[in-house]
S.K.: 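Got a structure here, written out as structure tokens. Questions coming.
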Amino acid sequence: ALLRGAVQHEEGRQGQLKEEVERMTRELGELCATLAEPQPDLTADPPGLLVQQHAAAAAAVECSKVQRANRAAQRREMEAQCVSLHCELTDMPADKRSQVTASEIVPGPGPAEKDGLSATFLGTLRAELERLQHERERRLNLLTESGAYISELRTKLGLPEAEGAALPKPSAGLTMEVVAAYKAEIDRRSEERRVGK
């Protein structure tokens, strides 16, 4: 009776472990679908004890959960930065900026993805973010160089520095409107200089 009881207890424990391995395998499949990654084959290694299979499944599920959390955080941060840069670089009114979403800037994940956490989609987001950062840097450099050139033209024309107060500062925004204001000022001062000679 004692032996039979011990065997039944162990069989129950083995059944429970087997059910947990099956549940974790399904959960791992869902996580891999979310990440658009191939599901690791937990049976690829030589079959070991059920306890070892259970430990391998638990480790794989935990690793995938961490990866999902990291990718979700990366996506949120990159989308927020894309929206912020997009709003800074466009002539969008301030009251409309809070309504801009990342999906308006970067096309959403493909139909094969469950939640847009694949390495491919994050790469697309990263590329768009880098493109916007590059454009921001380009405009900032352009405005800085233009400001220096305008200042030089004012000096050559003998104009007071107060006359240039109407130009927006580069820190006020990098919209095309600001870039156009600088270009117009350069054109005006260059024409004044040409006519003055």
S.K.: Going from CG on Leu85 to OG1 on Thr90, what distance comes out if it is rounded to the nearest 0.5 angstrom?
M.R.: 10.5 Å
S.K.: Any side-chain heavy atom of Leu28 within less than 4.5 Å of one from Met24?
M.R.: no
S.K.: Walk me through whether Val7 and Arg4 qualify under side chain to side chain contact (heavy atoms under 4.5 Å, CB included).
M.R.: CA-CA 5 Å; Val7 167; Arg4 193 169 30 252; 5.7 Å; no
S.K.: Please name all residues satisfying side chain to side chain contact (heavy atoms under 4.5 Å, CB included) with Glu22, sequence neighbours left out, ordered by chain then number.
M.R.: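 Residues passing side chain to side chain contact (heavy atoms under 4.5 Å, CB included) with Glu22: Lys18, Arg26.
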S.K.: With Glu191, which residues qualify under side chain to side chain contact (heavy atoms under 4.5 Å, CB included), at least two apart?
M.R.: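 In terms of side chain to side chain contact (heavy atoms under 4.5 Å, CB included), with neighbours along the sequence ignored, Glu191 is linked to Arg194, Val195.
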S.K.: Test of understanding: with side-chain hydrogen bond (donor to acceptor under 3.5 Å, both in side chains), list the residues that count as partners of Arg126, not counting sequence neighbours.
M.R.: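 Arg126 satisfies side-chain hydrogen bond (donor to acceptor under 3.5 Å, both in side chains) with no other residue.
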S.K.: Can you name the residues that form a side chain to side chain contact (heavy atoms under 4.5 Å, CB included) with Thr101, not counting sequence neighbours?
M.R.: Ser103, Glu104
S.K.: Measure the spacing between CG of Leu31 and CG of Leu35 and express it to the nearest 0.5 Å.
M.R.: 6.5 Å
S.K.: About how many Å separate CZ of Arg188 and CD1 of Ile150, when rounded to the nearest 0.5 Å?
M.R.: 9.5 Å
S.K.: Just how far is it from atom CG of Leu129 to atom NE2 of His134, taken to the nearest 0.5 Å?
M.R.: 13.5 Å
S.K.: Does Ser146 have any side chain to side chain contact (heavy atoms under 4.5 Å, CB included) partners at least two apart in sequence or in another chain, and if so, which?
M.R.: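 Expected list: Leu142, Tyr182, Ile186.
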S.K.: Which donor-acceptor pairs under 3.5 Å do side chains of residues 61-69 form with protein atoms, sequence neighbours excluded?
M.R.:
unit_1	atom_1	unit_2	atom_2	d
Ser64	OG	Ala60	O	3.2
Lys65	NZ	Glu27	OE2	3.2

S.K.: Distance check, rounded to the nearest 0.5 Å: Thr120 atom OG1 versus Leu125 atom CG?
M.R.: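 Separation between the atoms: 11.5 Å.
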S.K.: Hey, what do you get for CG (Leu143) to NZ (Lys183), rounding to the nearest 0.5 Å?
M.R.: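 The distance works out to 13.5 Å.
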S.K.: Glu128 vs Arg131, test: salt bridge (charged side-chain N to carboxylate O under 4.0 Å, His left out). Steps then yes/no.
M.R.: CA-CA 5 Å; Glu128 181 62 18; Arg131 188 184 75 74; 2.8 Å; yes
S.K.: Going by the rule side-chain hydrogen bond (donor to acceptor under 3.5 Å, both in side chains), which residues pair with Glu37 if we only count those two or more places apart in sequence or in a different chain?
M.R.: Arg71
S.K.: Under the rule for salt bridge (Lys or Arg N to Asp or Glu O under 4.0 Å), what residues qualify as partners of Glu10, not counting sequence neighbours?
M.R.: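 By the salt bridge (Lys or Arg N to Asp or Glu O under 4.0 Å) rule, Glu10 matches Arg13.
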S.K.: Ignoring hydrogens, what is the shortest heavy-atom contact between Pro38 and Cys32? Give both atom names and the distance.
M.R.: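 Distance-wise, the nearest heavy atoms are O-SG, 3.9 Å.
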S.K.: Going by heavy atoms in the side chains, are Ile105 and Val100 under 4.5 Å from each other?
M.R.: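 Of all side-chain heavy-atom pairs linking Val100 with Ile105, at least one is under 4.5 Å.
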S.K.: Using a 3.5 Å distance criterion without hydrogens, assess whether the side chain of Thr155 forms a donor-acceptor pair with backbone atoms of Ser151.
M.R.: yes
S.K.: Indicate every side-chain donor-acceptor pair of residues 76-84 with a distance under 3.5 Å to a residue at least two apart or in another chain.
M.R.:
unit_1	atom_1	unit_2	atom_2	d
Glu77	OE2	Gln81	NE2	3.4
Glu79	OE2	Arg75	NE	3.0
Glu79	OE2	Arg75	NH2	3.3

S.K.: Restricting to side-chain hydrogen bond (donor to acceptor under 3.5 Å, both in side chains), what partner residues turn up for Glu137, sequence neighbours left out?
M.R.: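 Per chain and number, Glu137 pairs via side-chain hydrogen bond (donor to acceptor under 3.5 Å, both in side chains) with no residue.
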S.K.: Can you name the side-chain hydrogen bond (donor to acceptor under 3.5 Å, both in side chains) partners of His86, sequence neighbours left out?
M.R.: none
S.K.: Can you list the residues that meet the salt bridge (Lys or Arg N to Asp or Glu O under 4.0 Å) rule with Glu135, with sequence neighbours excluded?
M.R.: Arg138, Arg139
S.K.: Within the 4.5 Å heavy-atom criterion, are Cys87 and Ser98 side-chain neighbours or not?
M.R.: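 Not touching, per the 4.5 Å side-chain cut-off.
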